[in-house]
Amino acid sequence: MAERILSGPQLAALLPGAAEARPAYRHLARAIGDLVLDGRIALRVRLPAERELAVALGVSRPTVTAAYDLLRGCGYAHSRRGSGTWTALPAGRAPSGVSRALAPPDAAIDLARAAPSPPEQAVTAALAAVAPHVAEHTRSPGYHPYGLPELRAAVAERFTRRGLATVPEQILVTSGAQHALTLVLGLLSSPADRVLVESPSYPNALEALRRSRLRPPP
């Protein structure tokens, strides 16, 4: 699995004015900790190198060093020898942006999943229906740049039945929601654009925003 790394400019975009307060290192550490708590910085993400973040924020390197030391002391970060500083949560803490939306502990919402598990009977019936057609695709490469024609036609028909006239040529089948979101971000946005997100939000969507170098609100 590829390491998730936050660059200096990316983190600086999430910290407007954090380095202007005094003492700067305490406010910087508090601001980064708040970003971890509300989910705008994911867990187990490598923070920028001290020198890189200092340049991006326009502060001294000792300020960033002291902020990172405070984050580690409070449990919001930990260091790996030779591998930098990584985000974490203090023992007993949960992301505040998520915990506000939680039902009782035995009914926690898993925001890493886009939808609950489908009914087992529905999945079994669907697999049984498509099984006779699977062998047909073994006689071809099995790859279609825009998705299987049959699937695109079925999706278009569904949209049409719901009142939106659609033809298969207007349908693009992606490998999942994350794939689709990445394509949409590339089409509709440019690096440094300001975007709005829900809180709490799907953590992988926030990661897609960071990789596209977009700026969620502070």
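As the structure is a computational prediction, the values presented were derived from the model and not from experiment.
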If two hydrophobic side chains count as joined below 4.5 Å and joins carry through other members, does [X] share a cluster with [Y]?
X    : Y    : answer
L89  : L14  : yes
L6   : L15  : yes
V195 : L181 : yes
L43  : Y76  : yes

We want to know whether R46 and T85 form a side-chain donor-acceptor pair, criterion being a heavy-atom distance below 3.5 angstrom. no
Would the distance check show the side chain of [X] and the main-chain N or O of [Y] forming a donor-acceptor pair, the cut-off being under 3.5 Å?
X   : Y   : value
T63 : V59 : no
R40 : L35 : no
E52 : S7  : no

For the CZ atom on R72, are there more than 12 heavy atoms of other groups (residues, nucleotides or ligands in this structure) within a distance under 6.0 Å? yes
Check side chain to side chain contact (heavy atoms under 4.5 Å, CB included) between A66 and all other residues, then give those that pass, not counting sequence neighbours. Y25
Partners meeting side chain to side chain contact (heavy atoms under 4.5 Å, CB included) with T87 (sequence neighbours left out): V36, I41, V45, L47
Counting C-beta onward and ignoring hydrogens, is there a side-chain heavy-atom pair between L53 and Y68 closer than 4.5 Å? yes
Would you indicate whether the side-chain heavy atoms of L57 and L28 approach each other to under 4.5 Å? yes
Quick one: [atom1] on [X] to [atom2] on [Y], what's the gap to the nearest 0.5 Å?
X    : Y    : atom1 : atom2 : result
Q10  : L214 : CD    : CG    : 10.0 Å
W86  : H78  : CH2   : NE2   : 8.0 Å
L185 : S190 : CG    : OG    : 11.0 Å

If you compare all heavy atoms of [X] against all heavy atoms of [Y], which two are closest, and at what distance to 0.1 Å?
X    : Y    : result
P90  : C74  : CG-O, 3.2 Å
A29  : L70  : CB-CD2, 3.7 Å
R215 : A192 : NE-O, 2.9 Å

Results of salt bridge (Lys or Arg N to Asp or Glu O under 4.0 Å) for R61 - residues two or more places apart only: E50
Throw together a table of side-chain donor-acceptor distances under 3.5 angstrom for residues 151-161, partners on residues two or more places apart or in other chains.
unit_1, atom_1, unit_2, atom_2, d
R152, NE, P168, O, 3.3
R152, NE, I171, O, 2.9
R152, NH2, P168, O, 2.9
R152, NH2, I171, O, 3.4
T160, OG1, A156, O, 2.9
T160, OG1, T166, N, 3.1
T160, OG1, T166, O, 3.2

Contacts satisfying side-chain hydrogen bond (donor to acceptor under 3.5 Å, both in side chains) that involve residues 170-184 (not counting sequence neighbours) are S175-H179
By the rule that ILVMFWY residues connect when side-chain heavy atoms come within less than 4.5 angstrom, directly or transitively, which residues belong alongside Y146? L172, L183
